[in-house]
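Structure, as structure tokens:
Throughout, protein chains are lettered first and strands after them, A, B, ... in sequence-line order, and every chain is numbered starting at 1. This structure is a prediction, so every number in the text was calculated from the model and none was measured.
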Amino acid sequence: MMNSLRPTHAGAVEAHALTVVRGDRTVLRGLGFTVEPGRITGLLGPSGCGKSTLMRAVVGTQAKVTGTLDVLGHPAGHPSLRARVGYVTQAPSVYSDLTVRQNLDYFAAVLRPGRARRADREEAVTRAIGDVDLTSHADSLAGTLSGGQLSRVSLAVALLGTPELLVLDEPTVGLDPVLRRDLWDLFHSLAADRGTTILVSSHVMDEAERCHRLLLMREGSVLADDTPDALRTRTGSATVEEAFLHLVDEAAADEATARQETTP
Amino acid sequence: MSTDAPALSPARTLATAGRVLRQLRHDPRTIALLLIVPVLMITLLRYVFDATPETFDAIGASLLGIFPLITMFLVTSIATLRERTSGTLERLLALPLGKGDLIAGYALAFGAVAVAQSLLATAMSVWVLGLDVVGSPWLLLLVALLDALLGTALGLFVSAFAASEFQAVQFMPAVIFPQLLLCGLFTPRDRMHPVLEAISDVLPMSYAVDGMNQVLTHTDVTADFYRDILIVAGSALLVLCLGAATLRRRTT
């Protein structure tokens, strides 16, 4: 149903010369990339390479962003995007002293306020709980859930508004293999059936194989922006992990040569 | 600031207030402490001043205004600090929620708790402990409610400067105690050192206590009473706006 609302321009997210400074550190250095609509784009790279900062910039909660960053045809953080973009932070951000359903009820009321839309909200809440497979825990206090269950509550909140763009910061950390597979199946069905664009970060390389496209990051720069297949072919590697390591070594070698040339 | 949602949407404000109260409902011990401690303290006070009922009248009425201020300050500063540290604030501000909705929601929820708290404490004081009020007890309740809003506003504001719950509770002595000492509870304000009196003139709690004393000693609603409650309400509104300014959609 979201297909009709999909923007007509090329990318769901378009970045040019995107730079973010935190304190005296430049976390993102002039990035340029495009996230294709209706596809799953994986954001990969070692911890501290700027993945979370990039995601916060896309959802508009990051300060000191320069360059161009357009999301669904608007500058990132534009008020009209707030209902269209779903965001899941690394740490589950839900109220531990409310039940799963009460958490979702509240966020649903923020997204679709008013008594007239109550039935609408109830349907959205029930569907979101089902999407993340927590129906049997709907009335449990969030504080009593396991870490993996809690992060799924957080994901359910992001699914509530049927967002056109879903930004997920390491959503599968600490989950067992079965749950991870189920969540990836969910991501694929969201992209295929609802036309949702998904930007998902991970530092687990085997998850990269499940993405349509990959953005490989290192130290605030984009090393590669390609499909998993193309990456493997280009670097002559068997897995994305190998391809990534190959690119990292290459970049490090380039830097070393550059440094040698500048020192007299 | 242009936003899709108006700065204040009644439905979102009510949803927020309902959510805050629902959180509280899962914590019956806090509810019990909020409601029962003021009643116990005022009872204790009554028998501390067993031989001098007029002292109980003066201090008791002031305390009816101070309790809601202190408790709501503590509850709000911790609640909003949690909201900031748990990431729910960041999530809410990335949703179409106005900052005004969030703040008004908190004020509404804790205002409701303050009404229940003050009803109990005032009823106990006036009808059981024999607190001698010349004016209407409803006016005591009104001042108590405004004090609660002031406490909520101050709590919301200082939570922006606390990095942990340890720091948040330390703001209680830092922000509340000086006002407590200077508000005229211990000695009339005009008998303090002139410098302290001048300071007490700009602290909102002084007017909360003055307002209570107006009700205590006058049958009618006096001009001074109006001035006092306007100052308390105005301060609460001002600090709420300052609190709103500490809610940032974009953070570093």
Side-chain angles (χ1 to χ4, degrees), chain A residues 20-23 25 27 53 56-65 76-99 102-103 105-118 121 141-144 154 157-158 160-161 163 167 169, chain B residues 1-31 75 78-106 109 165 246-252:
Chain A
V20 173
V21 179
R22 291 181 74 181
R25 217 166 73 83
V27 185
T53 305
R56 281 169 43 84
V58 169
V59 297
T61 58
Q62 179 66 45
K64 293 188 181 167
V65 180
H78 190 273
S80 72
L81 292 174
R82 283 179 201 141
R84 299 169 66 196
V85 178
Y87 173 40
V88 183
T89 49
Q90 241 171 66
S93 43
V94 293
Y95 299 101
S96 57
D97 46 2
L98 291 179
T99 67
Q102 286 171 339
N103 264 292
D105 280 343
Y106 172 56
F107 289 108
V110 169
L111 278 164
R112 298 174 205 183
R115 204 170 292 173
R117 288 192 269 183
R118 175 177 282 178
R121 284 202 298 269
L141 218 51
T144 63
S154 201
V157 174
L160 272 178
V167 178
D169 200 349
Chain B
M1 186 188 66
S2 73
T3 131
D4 236 10
L8 206 62
S9 123
R12 292 193 174 102
T13 301
L14 282 175
T16 304
R19 183 265 296 176
V20 173
L21 288 176
R22 226 162 277 133
Q23 283 179 286
L24 209 55
R25 215 177 56 200
H26 285 290
D27 186 1
R29 194 176 301 170
T30 295
I31 299 180
V75 172
I78 300 286
T80 47
L81 179 72
R82 275 195 201 161
E83 190 103 68
R84 287 174 203 272
T85 51
S86 69
T88 48
L89 182 67
E90 183 180 351
R91 164 164 255 161
L92 284 174
L93 292 180
L95 291 175
L97 181 82
K99 294 175 191 177
D101 295 330
L102 186 66
I103 289 183
Y106 266 104
E165 295 183 1
T246 68
L247 303 174
R248 296 268 162 81
R249 288 196 195 267
R250 285 184 184 270
T251 50
T252 47

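The greatest number of non-hydrogen atom pairs below 4.5 Å with chain B, out of Asp97(A), Leu111(A), Asp105(A), is found for Asp97(A). Put simply, of Pro92(A), Ser154(A), Gly23(A), Gly143(A), the one with the most heavy-atom pairs under 4.5 Å next to chain B is Ser154(A). For the options Pro113(A), Gly77(A), Ala57(A), Gly114(A), heavy-atom pairs under 4.5 Å to chain B are most numerous at Pro113(A). In terms of heavy-atom pairs under 4.5 angstrom with chain B, the leader among Leu141(A), Val85(A), Thr89(A) is Leu141(A). Between chain A and the residues Asp27(B), Leu92(B), Leu89(B), the largest count of heavy-atom pairs under 4.5 Å involves Leu92(B).
Looking at Arg25(B), the atoms closer than 4.5 Å to chain A (heavy atoms on both sides) all sit in the side chain, from C-beta outward. Residue contact with chain A, scored on non-hydrogen atoms closer than 4.5 Å, is absent for Leu14(B). Contact of Val27(A) with chain B is not made at all, since no heavy-atom distance falls under 4.5 Å.
Side chains of Arg91(B) and Thr61(A): no donor on one and acceptor on the other come within 3.5 Å.
Put simply, the side chain of Arg19(B) never gets that close to the backbone of Tyr106(A): no donor and acceptor are under 3.5 Å apart.
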> Would Arg56(A) and Glu90(B) count as a side chain to side chain contact (heavy atoms under 4.5 Å, CB included) if you check the C-alpha gap in whole Å, the side-chain angles of each, and the deciding distance to 0.1 Å?
Replying inline: CA-CA 10 Å; Arg56(A) 281 169 43 84; Glu90(B) 183 180 351; 2.6 Å; yes
>> Walk me through whether His26(B) and Gln102(A) qualify under side chain to side chain contact (heavy atoms under 4.5 Å, CB included).
In response: CA-CA 11 Å; His26(B) 285 290; Gln102(A) 286 171 339; 2.7 Å; yes
> What's the verdict on side-chain hydrogen bond (donor to acceptor under 3.5 Å, both in side chains) for Arg82(B) and Ser96(A), showing C-alpha distance, side-chain angles and the deciding distance?
Replying inline: CA-CA 10 Å; Arg82(B) 275 195 201 161; Ser96(A) 57; over 6 Å; no
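Proximity of Leu93(B) to Arg82(A): side-chain heavy atoms (C-beta onward) are nowhere separated by under 4.5 Å.
Take Phe107(A) and apply the ring-ring contact (aromatic ring centres under 6.0 Å, His included) test, not counting sequence neighbours, and it matches Tyr95(A).
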